[in-house]
Amino acid sequence: MSDDPTRPAETPLESWKGIAEYLQRDARTVRRWEALEQLPVHRHHHLARSSVYAYPSELDAWRASRRPDKDVPVASGWLGGRTRTLALASLTMLTFVSSGGGRVMNPAAGSASEPVVRRVWADGFVDLLGSPSADGKYLSVVDWTTGDLAVRDLATAETHRITNKGAWTGSSEHAESSIFSPDGKQLAYAWFNSGLSYDLRLIRIDGSQPRILYRNDEATYVYPSQWAPDGRSILVLVTLKSGSNQIALVSVADGAIRILKSIGWSGPVKMGFSVDGRFIAYHAPPREDSPNRDIFILATDGSRESPAVEHAADDVFLGWAPDGRHILFASDRTSTMSAWSLPVADGRPQGPAEIVKRDLGRVWPLGFASSGVYFYGLESGVLDVFVQPFDRATGRVTGAPSKLTQRFVAMNLSPEFSPDGEHALYVSKRTAGPPFFQQVITVQSLQTGESRDLTTELGYLQRVRWSPDGRSLLGVGRDRKNRQGIYRIDARAGTATLLVQGEPDSQVAAPAWSPDGKRLFFLRTESGNKLARIVRREMDTGQETEICRTEATRRIQRMALSPDAQQVAFIISDTTTRSSSLNVVSARGGDVRTLVKVEAPDAVVTGYDILAWSPDGRHVFFAKSRDVASGQELWRVAVAGGAPEPVGLATTSIYGVAVHPAGTEIAVASGELTTEIWAMENFLPALKPAR
């Protein structure tokens, strides 16, 4: 519970799952919303995972400020009628030579028939943190109405609770990741407990014999990945308070833990046993500074470890096939994430990997059924950057929007024009799944269309901006030690230098340089969002000066510096009055002027980078949700005062806005994402008993 006496009398939702259930989304989605769209989530003591709470009134105000949950009509032809499906990129037919390198070939070669994929769950609240039963009839999930562990019948789409913790109002405890035992009679699962940490628990399918198997006060999370084939131990990933991860085995009999390997902070999403239980496969970066992952095989007795797949691409372990002779993994070596099969024996590769399913998509690994059917989550949908001509005299967009790039169909957002107006950049996600996703910064010539990618060691990048001289970029992100902060990124090499580090009790956001590069302006939000401050930092001395602050229920959500660095525009969301406002303050501090204020259900949109100044400093561009059924619309308002005016650009969702230095074009990131569960079958040789 919050100890803030200024809070209204309101019962908070005290877990990721409670927040997810309230918003009718999965936990990954709401965590992404917090990271990228300023979802109003508070934290207890800054534990690494799930030590969070949120107030329904704040979530309501936030939801009203962004896009509606369903497709809605759009205005002015902006993306109107555009089909929101994941476009398939063409594959280049290549042969790769390396350990587990692989070759592209007929997907049916060596298989019973052409691989078949089918969608098994798309409606409602899709959970990606469970696993399939051995017979493929069930998925372990969480019942989001209470946070209980549950099982979903894939044939009937019915969900049955296994635990019975009661309503969220009585307890913030909840289940998370879960796996079936080999005989299908038990479930092992992570449980967020009242001490704000995680247990590894066991329970029978009928709800009987629940018990805590493992608890460690130094661990912030325990992720059960797979039962050993003999059912005597459970393969887990343990995340420590230091941020590092351990691959370990936990005894089912007595909860004793045996650490197999420490692997740094970037732990694998999925690990798996060989059929005989002698080996464990997992993915991890080959080096701490590597942007990609390889696949390794570790002997369960600790006697040896060796790489199974070494490649310059990003390779993600999906599962060890039940025939015992293949490892399934996803790789982006053919430009898009595709599924590959690697033959293995005695813990070693037995030839090149072969592609089995092209264009798999942004995949989340779930696991195999004993029949060889593979279940996986899929993050689909498209976010893209569009550019549209803008008439400065009328304040309206003209002509039709055009895509900034045709190279990738991915999650492209955060557009930004270079100071000289000759280039634009955007940020895209091109790898599959957490815990760390690599984002690529692409710089593109507006004259020739030529582009180049900057792959940094940073993840979860937000608000990438050019330096005044165009030689470097400024962005908020996390490095491979999970340190949040503001980074300077070399515009040619992509190397990143930490400028301001977020502290355990505060996070930094929305950075902007002064035109001379001597000062840095940014937003610092303290623990539990109780205090938000706009700060000016002298680059030579590191001295910080507070410009403006808000407390308690009036939180600063976004800020943007004027072109001459004399004023700061920012958005405030007031959960007490259920209103939101666009404001300006002098860069030296002083009185705050409100330019726009709207009441719920309408709202000034706070997500992503939806705040920009006109090049002449006379207007501020912002997005407004007209109501919960009408999507979002781009507006501008004169800084000197006057009524705001729409610019003629509307869509279901806006994920970033940038204005060309000449004031003649506007770039907007727009689109949506969805989450589904799929099954893939008929891609392995006919199953025979493993020897």
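Applying the side chain to side chain contact (heavy atoms under 4.5 Å, CB included) rule to A496 yields the partners E457, L458, Y487, I489; only residues at least two apart in sequence or on another chain are considered. Shown here are the side chain to side chain contact (heavy atoms under 4.5 Å, CB included) partners of A679, two or more places apart in sequence or in another chain: R118, V120, V373, F375. Here T163 pairs with D148 under the side-chain hydrogen bond (donor to acceptor under 3.5 Å, both in side chains) rule; sequence neighbours left out. Residues passing the salt bridge (charged side-chain N to carboxylate O under 4.0 Å, His left out) test with D294: none are found, sequence neighbours excluded. Under the rule for a side chain to side chain contact (heavy atoms under 4.5 Å, CB included), the partners of S178 that lie at least two apart in sequence or sit in another chain are S140, L149, Y189. Listed by chain and number, the residues in a side-chain hydrogen bond (donor to acceptor under 3.5 Å, both in side chains) with Y282 are E305 (sequence neighbours excluded). Partners of R537 under the side-chain hydrogen bond (donor to acceptor under 3.5 Å, both in side chains) rule, at least two apart in sequence or in another chain, are E544. Considering only residues two or more places apart in sequence or on other chains, F368 meets the ring-ring contact (aromatic ring centres under 6.0 Å, His included) condition with Y374. Scanning for salt bridge (charged side-chain N to carboxylate O under 4.0 Å, His left out) contacts around R152 gives an empty result, with sequence neighbours left out. For R215, the side-chain hydrogen bond (donor to acceptor under 3.5 Å, both in side chains) test picks out D199, with sequence neighbours left out.
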- Run the numbers on Y223 and V238 for side chain to side chain contact (heavy atoms under 4.5 Å, CB included), then give the verdict. CA-CA 6 Å; Y223 175 83; V238 178; over 6 Å; no
- Item | Evaluation steps, side chain to side chain contact (heavy atoms under 4.5 Å, CB included), between L260 and I280 | CA-CA 10 Å; L260 301 180; I280 294 166; 3.5 Å; yes
- Task: Evaluate the criterion side chain to side chain contact (heavy atoms under 4.5 Å, CB included) for residue pair L59 and L13; output intermediate values, then yes/no.
- Result: CA-CA 10 Å; L59 298 181; L13 307 167; 3.6 Å; yes
- Query: What do the steps show when you test L318 against V363 for side chain to side chain contact (heavy atoms under 4.5 Å, CB included), and what is the final call?
  - Reply: CA-CA 9 Å; L318 298 180; V363 61; 4.3 Å; yes
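Annotation: R232, atom CZ; neighbour count of heavy atoms from other residues, nucleotides and ligands within 6.0 Å does not exceed 12.
In this structure, K270 and S225 have side chains that are in contact, with non-hydrogen atoms separated by less than 4.5 Å. For the pair I212 and N193, the minimum side-chain heavy-atom distance is 4.5 Å or more. Residues L249 and I257 have side chains not in contact (no heavy-atom distance under 4.5 Å, counting atoms from C-beta outward). Looking only at side-chain heavy atoms (C-beta outward), Q484 and V508 come within less than 4.5 Å of each other. Counting heavy atoms from C-beta outward, I234 and V252 have side chains that approach closer than 4.5 Å. Between R201 and R211 there is no side-chain heavy-atom pair separated by less than 4.5 Å. In this structure, M271 and L237 have side chains that are in contact, with non-hydrogen atoms separated by less than 4.5 Å. For the pair D314 and M337, the minimum side-chain heavy-atom distance is below 4.5 Å.
Annotation for A228 and P182: closest pair O-CG, 3.5 Å, computed over non-hydrogen atoms. Taking all atoms of both residues into account, the shortest heavy-atom contact from T159 to A150 is CG2-CB, 3.5 Å. The shortest heavy-atom contact between L523 and A532 is CD1-CB, 4.4 Å. The nearest pair of heavy atoms linking V275 to A321 is CG2-O, 3.7 Å. Between W227 and L187, the shortest heavy-atom contact is CZ2-C, 4.3 Å. Taking all atoms of both residues into account, the shortest heavy-atom contact from V142 to D127 is N-OD2, 3.2 Å.
Distance check: D315 CG to S331 OG gives 4.0 Å after rounding to the nearest 0.5 Å. Note that NE2 of H283 and CZ of F296 are 11.0 Å apart. Values are rounded to the nearest 0.5 Å. Rounding to the nearest 0.5 angstrom, the gap separating the CD atom in E176 from the NE2 atom in H174 is 4.0 Å. To the nearest 0.5 Å, the span separating CG on L366 from OH on Y376 amounts to 10.5 Å. The distance from atom OG of S131 to atom CG of L139, rounded to the nearest 0.5 Å, is 7.5 Å. The CD atom of Q209 lies 7.5 Å from the CD atom of Q186; values are rounded to the nearest 0.5 Å.
The side chain to side chain donor-acceptor pair (under 3.5 Å) analysis of residues 248-259, with sequence neighbours excluded, yields the pairs S251-D254. Contacts classified as salt bridge (charged side-chain N to carboxylate O under 4.0 Å, His left out) and involving residues 161-172 (residues at least two apart or in different chains) are given here: D143-R161.
Side-chain contact, Y221 with S177: a donor N or O sits under 3.5 Å from an acceptor N or O. Between the side chains of E173 and W191, a donor-acceptor pair is found at a separation under 3.5 Å.
Between F192 and Y198, the two ring planes are tilted [angle within 30° to 60°]. Between W320 and F279, the ring planes lie parallel to each other; the angle is under 30°, not in the 30° to 60° tilted range.
Counting only distance, with no hydrogens or angles, the side chain of T550 and the backbone of I556 share a donor-acceptor pair below 3.5 Å. Judged purely by atom type and a 3.5 angstrom limit, Q501 has no side-chain atom pairing as donor or acceptor with the backbone of G485. Side-chain atoms of R558 do not come within 3.5 Å of backbone N or O of I571 as any donor-acceptor pair.
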